[in-house]
Amino acid sequence: MQRQGILARYGPYFDLPAHTRPVTLLEGGTPLIPLPRLARTLGAGCQLYVKYEGLNPTGSFKDRGMTAAVSEALGRGAQTVICASTGNTAASAAAYAARAGLRAVVLIPQGKVAAGKLAGALAYGAQVIQIEGSFDDALQLVVEITRTTPLALVNSINPYRLEGQKSAAFEICDELGSAPDWLCLPVGNAGNITAYWMGFRQYAQGLPRLLGAQAAGAAPLVHGHPVAQPETVATAIRIGRPARGEQALQAAQESQGRIVAVSDEAILQAQRLLAGEGLWVEPASAAGLAGLLAEIEAGRLDPRDKRIVVVCTGHGLKDPDIITRGGFAPRGIPAELDALRQLLGE
Ligand code: F0G
(Lines give C-alpha, C1' and ligand atoms only; values in the text may rest on other atoms or scores of the structure.)
Protein backbone atom coordinates (compact mmCIF):
# COMPACT_ATOMS: atom_id res chain seq x y z
CA MET A 1 0.00 0.00 0.00
CA GLN A 2 1.18 3.48 -0.86
CA ARG A 3 2.05 5.35 2.34
CA GLN A 4 0.04 8.49 2.95
CA GLY A 5 0.23 10.98 5.76
CA ILE A 6 -2.84 11.35 7.94
CA LEU A 7 -3.83 14.70 6.40
CA ALA A 8 -4.07 13.14 2.93
CA ARG A 9 -5.80 10.01 4.21
CA TYR A 10 -8.40 11.56 6.53
CA GLY A 11 -8.44 15.22 5.41
CA PRO A 12 -12.21 15.84 5.50
CA TYR A 13 -12.40 14.66 9.11
CA PHE A 14 -10.08 17.36 10.42
CA ASP A 15 -11.24 20.81 11.44
CA LEU A 16 -8.27 22.76 10.08
CA PRO A 17 -8.27 26.34 8.72
CA ALA A 18 -8.17 26.94 4.94
CA HIS A 19 -4.67 28.46 5.21
CA THR A 20 -3.19 25.10 6.32
CA ARG A 21 -0.20 24.05 4.19
CA PRO A 22 0.50 20.34 4.59
CA VAL A 23 3.82 19.36 6.15
CA THR A 24 4.14 15.60 6.36
CA LEU A 25 6.63 12.82 7.03
CA LEU A 26 4.01 10.20 6.05
CA GLU A 27 3.05 9.62 9.67
CA GLY A 28 0.23 7.31 10.80
CA GLY A 29 -0.77 4.01 9.23
CA THR A 30 0.85 2.22 12.19
CA PRO A 31 0.17 -1.50 12.64
CA LEU A 32 -2.46 -2.97 14.92
CA ILE A 33 -0.61 -6.05 16.11
CA PRO A 34 -2.56 -9.00 17.56
CA LEU A 35 -1.17 -10.58 20.72
CA PRO A 36 -2.97 -13.96 20.76
CA ARG A 37 -0.65 -15.61 23.26
CA LEU A 38 -1.09 -12.89 25.88
CA ALA A 39 -4.82 -12.67 25.07
CA ARG A 40 -5.28 -16.35 25.93
CA THR A 41 -3.85 -15.78 29.40
CA LEU A 42 -6.32 -12.95 30.01
CA GLY A 43 -9.57 -14.78 29.35
CA ALA A 44 -11.58 -16.94 26.96
CA GLY A 45 -12.44 -15.22 23.70
CA CYS A 46 -10.34 -12.16 24.49
CA GLN A 47 -8.78 -10.46 21.45
CA LEU A 48 -5.88 -8.23 22.34
CA TYR A 49 -4.12 -5.80 19.97
CA VAL A 50 -1.31 -3.28 20.28
CA LYS A 51 -1.58 -0.07 18.27
CA TYR A 52 2.16 0.32 17.75
CA GLU A 53 2.62 4.07 17.61
CA GLY A 54 6.38 3.83 18.06
CA LEU A 55 6.54 3.19 14.32
CA ASN A 56 5.71 6.79 13.45
CA PRO A 57 8.50 8.81 11.77
CA THR A 58 10.00 10.19 14.99
CA GLY A 59 9.13 7.13 17.08
CA SER A 60 5.97 8.30 18.84
CA PHE A 61 2.28 9.13 18.31
CA LYS A 62 3.10 12.83 18.56
CA ASP A 63 3.71 12.95 14.81
CA ARG A 64 -0.05 12.67 14.13
CA GLY A 65 -0.76 15.89 15.97
CA MET A 66 2.43 17.59 14.85
CA THR A 67 1.72 17.26 11.11
CA ALA A 68 -1.54 19.13 11.72
CA ALA A 69 -0.18 21.78 14.10
CA VAL A 70 2.93 22.59 12.05
CA SER A 71 0.92 22.63 8.80
CA GLU A 72 -1.43 25.19 10.32
CA ALA A 73 1.43 27.25 11.77
CA LEU A 74 3.28 27.30 8.43
CA GLY A 75 0.15 28.34 6.52
CA ARG A 76 -0.47 31.17 8.98
CA GLY A 77 3.03 32.48 8.37
CA ALA A 78 4.64 31.50 11.68
CA GLN A 79 8.43 31.31 11.61
CA THR A 80 9.07 29.57 14.91
CA VAL A 81 7.27 26.80 16.73
CA ILE A 82 7.71 26.30 20.46
CA CYS A 83 6.69 23.63 22.94
CA ALA A 84 7.32 22.26 26.40
CA SER A 85 7.99 18.57 26.44
CA THR A 86 8.94 15.46 28.33
CA GLY A 87 10.77 14.53 25.13
CA ASN A 88 8.58 13.07 22.42
CA THR A 89 6.73 16.26 21.55
CA ALA A 90 10.11 17.99 21.37
CA ALA A 91 11.54 15.49 18.88
CA SER A 92 8.37 15.57 16.80
CA ALA A 93 8.11 19.38 16.76
CA ALA A 94 11.78 19.57 15.82
CA ALA A 95 11.35 17.15 12.91
CA TYR A 96 8.22 18.75 11.46
CA ALA A 97 9.66 22.25 11.87
CA ALA A 98 12.78 21.09 10.01
CA ARG A 99 10.59 19.63 7.29
CA ALA A 100 8.70 22.93 7.00
CA GLY A 101 11.82 25.10 7.15
CA LEU A 102 10.77 26.62 10.46
CA ARG A 103 12.74 27.20 13.65
CA ALA A 104 11.86 25.00 16.64
CA VAL A 105 12.38 25.92 20.28
CA VAL A 106 11.76 23.21 22.87
CA LEU A 107 11.72 23.52 26.66
CA ILE A 108 12.42 20.34 28.60
CA PRO A 109 12.76 19.48 32.30
CA GLN A 110 16.45 19.22 33.04
CA GLY A 111 17.76 15.70 33.54
CA LYS A 112 14.33 14.09 33.07
CA VAL A 113 14.23 13.46 29.33
CA ALA A 114 15.19 10.06 27.92
CA ALA A 115 18.33 9.94 25.78
CA GLY A 116 16.69 9.04 22.47
CA LYS A 117 14.28 11.96 22.69
CA LEU A 118 16.86 14.57 23.60
CA ALA A 119 19.17 13.31 20.86
CA GLY A 120 16.28 13.42 18.39
CA ALA A 121 15.37 17.02 19.16
CA LEU A 122 19.04 18.01 18.80
CA ALA A 123 19.53 15.98 15.62
CA TYR A 124 16.60 17.69 13.91
CA GLY A 125 18.17 21.03 14.78
CA ALA A 126 15.86 22.36 17.47
CA GLN A 127 17.00 24.91 20.01
CA VAL A 128 16.76 22.80 23.14
CA ILE A 129 16.42 24.64 26.44
CA GLN A 130 16.61 22.79 29.76
CA ILE A 131 14.45 24.24 32.52
CA GLU A 132 15.44 23.93 36.15
CA GLY A 133 11.98 22.65 36.91
CA SER A 134 9.30 20.24 35.79
CA PHE A 135 7.38 19.79 32.54
CA ASP A 136 4.54 21.73 34.15
CA ASP A 137 6.87 24.70 34.79
CA ALA A 138 8.09 24.52 31.18
CA LEU A 139 4.55 24.46 29.81
CA GLN A 140 3.63 27.50 31.88
CA LEU A 141 6.59 29.41 30.45
CA VAL A 142 5.67 28.44 26.90
CA VAL A 143 2.05 29.49 27.39
CA GLU A 144 3.17 32.83 28.83
CA ILE A 145 5.69 33.63 26.11
CA THR A 146 3.29 32.78 23.28
CA ARG A 147 0.74 35.25 24.69
CA THR A 148 2.94 38.19 23.73
CA THR A 149 5.10 36.91 20.85
CA PRO A 150 4.37 35.42 17.40
CA LEU A 151 5.88 32.05 18.38
CA ALA A 152 3.47 29.23 17.46
CA LEU A 153 2.64 26.97 20.39
CA VAL A 154 2.49 23.30 19.37
CA ASN A 155 1.66 21.61 22.68
CA SER A 156 -1.68 19.82 22.81
CA ILE A 157 -3.31 23.01 24.11
CA ASN A 158 -3.17 23.78 20.39
CA PRO A 159 -6.47 22.36 19.07
CA TYR A 160 -4.93 21.24 15.77
CA ARG A 161 -2.75 18.75 17.65
CA LEU A 162 -5.90 16.98 18.80
CA GLU A 163 -7.35 17.10 15.29
CA GLY A 164 -4.38 15.15 13.97
CA GLN A 165 -4.32 12.73 16.88
CA LYS A 166 -7.94 11.73 16.20
CA SER A 167 -6.57 9.80 13.21
CA ALA A 168 -5.40 6.90 15.39
CA ALA A 169 -9.03 6.23 16.37
CA PHE A 170 -10.04 6.30 12.69
CA GLU A 171 -7.33 3.79 11.80
CA ILE A 172 -8.34 1.40 14.57
CA CYS A 173 -11.99 1.47 13.41
CA ASP A 174 -10.96 0.98 9.78
CA GLU A 175 -8.84 -2.00 10.67
CA LEU A 176 -11.21 -3.73 13.08
CA GLY A 177 -14.37 -2.76 11.21
CA SER A 178 -15.67 -1.01 14.32
CA ALA A 179 -14.43 0.40 17.62
CA PRO A 180 -12.99 -2.11 20.15
CA ASP A 181 -14.67 -2.79 23.50
CA TRP A 182 -11.82 -1.24 25.47
CA LEU A 183 -9.02 1.17 24.56
CA CYS A 184 -6.18 1.29 27.10
CA LEU A 185 -3.56 4.04 26.97
CA PRO A 186 -1.16 6.11 29.06
CA VAL A 187 -2.25 9.57 30.23
CA GLY A 188 0.19 12.43 30.81
CA ASN A 189 -0.83 15.87 29.65
CA ALA A 190 -4.10 14.16 28.66
CA GLY A 191 -4.26 15.31 25.04
CA ASN A 192 -4.17 11.85 23.53
CA ILE A 193 -7.06 10.30 25.44
CA THR A 194 -9.07 13.44 24.65
CA ALA A 195 -8.23 13.17 20.95
CA TYR A 196 -9.09 9.46 20.77
CA TRP A 197 -12.48 10.12 22.29
CA MET A 198 -13.15 12.97 19.81
CA GLY A 199 -12.06 10.65 17.00
CA PHE A 200 -14.21 7.68 17.99
CA ARG A 201 -17.27 9.89 18.45
CA GLN A 202 -16.80 11.59 15.11
CA TYR A 203 -16.13 8.38 13.15
CA ALA A 204 -19.34 6.80 14.47
CA GLN A 205 -18.19 3.20 14.23
CA GLY A 206 -19.09 2.44 17.84
CA LEU A 207 -17.46 3.65 21.04
CA PRO A 208 -14.86 1.92 23.21
CA ARG A 209 -14.66 2.21 26.96
CA LEU A 210 -11.50 4.16 27.78
CA LEU A 211 -9.01 2.97 30.35
CA GLY A 212 -6.44 5.71 30.94
CA ALA A 213 -3.35 4.90 33.00
CA GLN A 214 -1.27 7.40 34.94
CA ALA A 215 1.91 6.57 36.81
CA ALA A 216 1.22 6.35 40.56
CA GLY A 217 3.72 9.11 41.32
CA ALA A 218 2.16 11.39 38.70
CA ALA A 219 -1.55 10.70 38.92
CA PRO A 220 -3.36 14.03 39.38
CA LEU A 221 -6.44 12.78 37.53
CA VAL A 222 -6.77 9.81 39.87
CA HIS A 223 -6.18 11.82 43.05
CA GLY A 224 -8.36 14.71 41.93
CA HIS A 225 -5.74 17.39 42.50
CA PRO A 226 -2.46 18.57 40.91
CA VAL A 227 0.75 16.84 41.95
CA ALA A 228 3.44 19.39 42.82
CA GLN A 229 6.40 17.06 42.37
CA PRO A 230 5.48 14.24 40.00
CA GLU A 231 7.94 11.35 39.89
CA THR A 232 7.99 8.19 37.82
CA VAL A 233 10.30 5.97 35.84
CA ALA A 234 7.98 6.69 32.88
CA THR A 235 9.39 10.17 32.29
CA ALA A 236 7.11 10.78 29.28
CA ILE A 237 4.13 11.02 31.64
CA ARG A 238 5.87 12.72 34.56
CA ILE A 239 3.23 15.46 34.65
CA GLY A 240 1.45 16.94 37.66
CA ARG A 241 -0.95 19.45 36.07
CA PRO A 242 -2.33 18.02 32.79
CA ALA A 243 -3.48 20.72 30.38
CA ARG A 244 -6.37 18.59 29.10
CA GLY A 245 -7.19 17.01 32.46
CA GLU A 246 -10.84 18.04 32.65
CA GLN A 247 -11.55 16.81 29.13
CA ALA A 248 -9.77 13.53 29.80
CA LEU A 249 -11.87 12.88 32.90
CA GLN A 250 -15.00 13.73 30.97
CA ALA A 251 -14.00 11.43 28.09
CA ALA A 252 -13.30 8.54 30.46
CA GLN A 253 -16.62 9.08 32.21
CA GLU A 254 -18.67 9.44 29.02
CA SER A 255 -17.15 6.22 27.72
CA GLN A 256 -18.04 4.40 30.96
CA GLY A 257 -14.36 3.89 31.49
CA ARG A 258 -11.92 5.38 33.98
CA ILE A 259 -8.43 6.65 34.68
CA VAL A 260 -6.35 4.56 37.05
CA ALA A 261 -2.89 4.76 38.64
CA VAL A 262 -0.23 2.11 38.04
CA SER A 263 3.00 1.63 39.96
CA ASP A 264 6.40 2.00 38.32
CA GLU A 265 6.99 -1.69 39.01
CA ALA A 266 3.79 -2.61 37.15
CA ILE A 267 4.82 -0.36 34.24
CA LEU A 268 8.23 -2.02 33.95
CA GLN A 269 6.64 -5.45 34.26
CA ALA A 270 4.25 -4.62 31.39
CA GLN A 271 7.22 -3.33 29.38
CA ARG A 272 8.95 -6.70 29.86
CA LEU A 273 5.78 -8.55 28.92
CA LEU A 274 5.51 -6.62 25.65
CA ALA A 275 9.18 -7.12 24.90
CA GLY A 276 8.52 -10.83 25.41
CA GLU A 277 6.09 -10.56 22.48
CA GLY A 278 8.72 -8.81 20.37
CA LEU A 279 7.46 -5.30 21.04
CA TRP A 280 9.92 -3.02 22.78
CA VAL A 281 8.21 0.16 23.90
CA GLU A 282 9.28 2.94 26.20
CA PRO A 283 8.09 2.69 29.83
CA ALA A 284 5.20 5.20 29.54
CA SER A 285 3.94 3.25 26.55
CA ALA A 286 3.51 0.16 28.65
CA ALA A 287 1.27 1.93 31.18
CA GLY A 288 -1.89 1.12 29.22
CA LEU A 289 -1.18 -2.59 29.42
CA ALA A 290 -0.19 -2.25 33.09
CA GLY A 291 -3.56 -0.60 33.78
CA LEU A 292 -5.43 -3.31 31.90
CA LEU A 293 -3.71 -6.13 33.78
CA ALA A 294 -4.30 -4.46 37.14
CA GLU A 295 -7.99 -3.92 36.43
CA ILE A 296 -8.44 -7.54 35.30
CA GLU A 297 -6.56 -8.78 38.33
CA ALA A 298 -8.78 -6.73 40.64
CA GLY A 299 -11.90 -8.12 38.98
CA ARG A 300 -12.99 -4.70 37.77
CA LEU A 301 -12.64 -5.45 34.05
CA ASP A 302 -13.88 -8.62 32.38
CA PRO A 303 -11.78 -9.33 29.27
CA ARG A 304 -13.73 -12.43 28.18
CA ASP A 305 -15.03 -12.18 24.60
CA LYS A 306 -13.80 -8.58 24.42
CA ARG A 307 -11.74 -6.84 21.77
CA ILE A 308 -9.14 -4.78 23.57
CA VAL A 309 -6.67 -2.34 22.02
CA VAL A 310 -3.64 -1.23 24.01
CA VAL A 311 -2.00 1.90 22.62
CA CYS A 312 1.81 1.77 22.78
CA THR A 313 2.68 5.40 22.28
CA GLY A 314 6.47 5.44 21.87
CA HIS A 315 9.30 3.16 20.75
CA GLY A 316 11.65 1.45 23.19
CA LEU A 317 14.65 3.00 21.45
CA LYS A 318 13.60 6.33 22.92
CA ASP A 319 14.77 5.22 26.36
CA PRO A 320 17.56 2.64 26.13
CA ASP A 321 19.04 3.57 29.53
CA ILE A 322 16.09 2.18 31.44
CA ILE A 323 16.94 -1.28 30.12
CA THR A 324 20.65 -1.22 30.77
CA ARG A 325 20.13 0.37 34.20
CA GLY A 326 17.62 -2.38 34.96
CA GLY A 327 20.41 -4.93 35.18
CA PHE A 328 20.14 -6.33 31.67
CA ALA A 329 23.90 -6.15 31.17
CA PRO A 330 25.55 -8.49 28.63
CA ARG A 331 28.01 -11.11 29.92
CA GLY A 332 31.64 -10.79 28.83
CA ILE A 333 33.84 -13.75 27.88
CA PRO A 334 37.20 -14.20 26.12
CA ALA A 335 36.92 -14.66 22.33
CA GLU A 336 37.34 -18.44 22.69
CA LEU A 337 35.09 -21.31 21.66
CA ASP A 338 35.51 -23.11 24.97
CA ALA A 339 34.40 -20.09 26.93
CA LEU A 340 31.34 -19.75 24.68
CA ARG A 341 30.51 -23.47 24.99
CA GLN A 342 30.79 -23.29 28.74
CA LEU A 343 28.62 -20.23 29.01
CA LEU A 344 25.90 -21.74 26.80
CA GLY A 345 26.13 -25.13 28.48
CA GLU A 346 26.46 -26.79 25.06
N1 F0G B 1 3.16 8.20 25.95
C2 F0G B 1 4.25 8.84 25.54
C3 F0G B 1 5.36 8.03 24.98
C4 F0G B 1 4.33 10.24 25.64
O5 F0G B 1 5.43 10.86 25.21
C6 F0G B 1 3.26 10.95 26.19
C7 F0G B 1 3.30 12.40 26.34
C8 F0G B 1 2.14 10.23 26.61
C9 F0G B 1 2.12 8.86 26.48
C10 F0G B 1 0.95 10.89 27.19
O11 F0G B 1 0.18 11.55 26.23
O12 F0G B 1 0.28 13.82 27.17
O13 F0G B 1 -1.37 13.23 25.42
O14 F0G B 1 -1.60 12.34 27.73
N15 F0G B 1 4.32 13.09 26.10
C16 F0G B 1 4.34 14.56 26.08
C17 F0G B 1 5.67 15.05 25.52
C18 F0G B 1 3.94 15.19 27.33
O19 F0G B 1 6.08 16.16 25.82
O20 F0G B 1 6.28 14.32 24.73
P21 F0G B 1 -0.68 12.81 26.65
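All residue numbers refer to positions in the sequence shown, counting from 1. Just follow the structure's listing: the first ligand is 1, and inside any ligand the first atom is 1.
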Against heavy atoms of [X], which atoms of ligand 1 measure under 4.0 Å?
X	answer
V187	14 (O)
N189	12 (O), 14 (O), 21 (P)
G191	13 (O), 14 (O), 21 (P)
K62	5 (O), 6 (C), 7 (C), 12 (O), 15 (N), 16 (C), 17 (C), 18 (C), 20 (O)
I239	18 (C)
E282	3 (C)
T86	15 (N), 16 (C), 17 (C), 18 (C), 19 (O), 20 (O)
S85	17 (C), 19 (O), 20 (O)

[atom] - nearest protein heavy atom and its distance:
atom	answer
atom 2 (C) of ligand 1	T313 OG1, 3.3 Å
atom 20 (O) of ligand 1	T89 N, 2.8 Å
atom 8 (C) of ligand 1	I237 CG2, 3.7 Å
atom 13 (O) of ligand 1	N192 N, 2.8 Å
atom 5 (O) of ligand 1	N88 ND2, 2.8 Å
atom 4 (C) of ligand 1	A236 CB, 3.6 Å
atom 11 (O) of ligand 1	F61 CZ, 3.5 Å

* Flag the pair V311 / C184 as yes when at least one side-chain heavy-atom distance between them is below 4.5 Å, and no otherwise. =>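 Result no, sub-4.5 Å side-chain heavy-atom pair not found.
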* Asked: With a 4.5 Å limit on heavy-atom distance, are the side chains of P180 and F200 in contact?
  ->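 Result yes, sub-4.5 Å side-chain heavy-atom pair found.
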With a heavy-atom distance limit of 4.0 Å, tell me whether [X] approaches ligand 1 through its side chain, its backbone, both, or neither.
X	value
K318	neither
L185	neither
I193	neither

* The one among A234, S285, G188 that brings a heavy atom closest to atom 10 (C) of ligand 1 -> G188
* To do: List the steps, then state whether side chain to side chain contact (heavy atoms under 4.5 Å, CB included) holds for L25 with R99.
  => CA-CA 8 Å; L25 289 163; R99 186 78 166 165; 3.5 Å; yes
* Before giving the answer on side chain to side chain contact (heavy atoms under 4.5 Å, CB included), spell out for R161 and M66 the whole-Å C-alpha distance, their side-chain angles and the decisive distance to 0.1 Å. => CA-CA 6 Å; R161 279 277 311 278; M66 210 52 77; 4.1 Å; yes
* To do: Please test W182 against L210 for side chain to side chain contact (heavy atoms under 4.5 Å, CB included), starting from the C-alpha separation and ending with a verdict.
  => CA-CA 6 Å; W182 281 95; L210 300 176; over 6 Å; no
* Matching residue for E53 among T313, N88, T30 - test: side-chain hydrogen bond (donor to acceptor under 3.5 Å, both in side chains) -> T30
* Check against salt bridge (Lys or Arg N to Asp or Glu O under 4.0 Å), E27 and R3 -> CA-CA 9 Å; E27 56 295 312; R3 267 199 98 81; over 6 Å; no
* To do: For side chain to side chain contact (heavy atoms under 4.5 Å, CB included), just list the numbers for W197 and Q250, CA-CA rounded to whole Å, side-chain angles, deciding distance to a tenth of an Å, and then say yes or no.
  => CA-CA 10 Å; W197 188 238; Q250 199 182 335; over 6 Å; no
* To do: Please say which of K306, R300, R209 ends up in a salt bridge (Lys or Arg N to Asp or Glu O under 4.0 Å) with E295.
  =>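 Testing each of K306, R300, R209 against E295, the sole residue satisfying salt bridge (Lys or Arg N to Asp or Glu O under 4.0 Å) is R300.
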* For ligand 1, is A190 a contact, meaning one of its heavy atoms is under 4.0 Å away? -> yes
* Determine whether any heavy atom of P186 lies closer than 4.0 Å to an atom of ligand 1. => yes
* Please step through salt bridge (Lys or Arg N to Asp or Glu O under 4.0 Å) for the pair K51 and E175, ending with a clear verdict. => CA-CA 11 Å; K51 181 67 171 161; E175 198 138 340; 5.3 Å; no
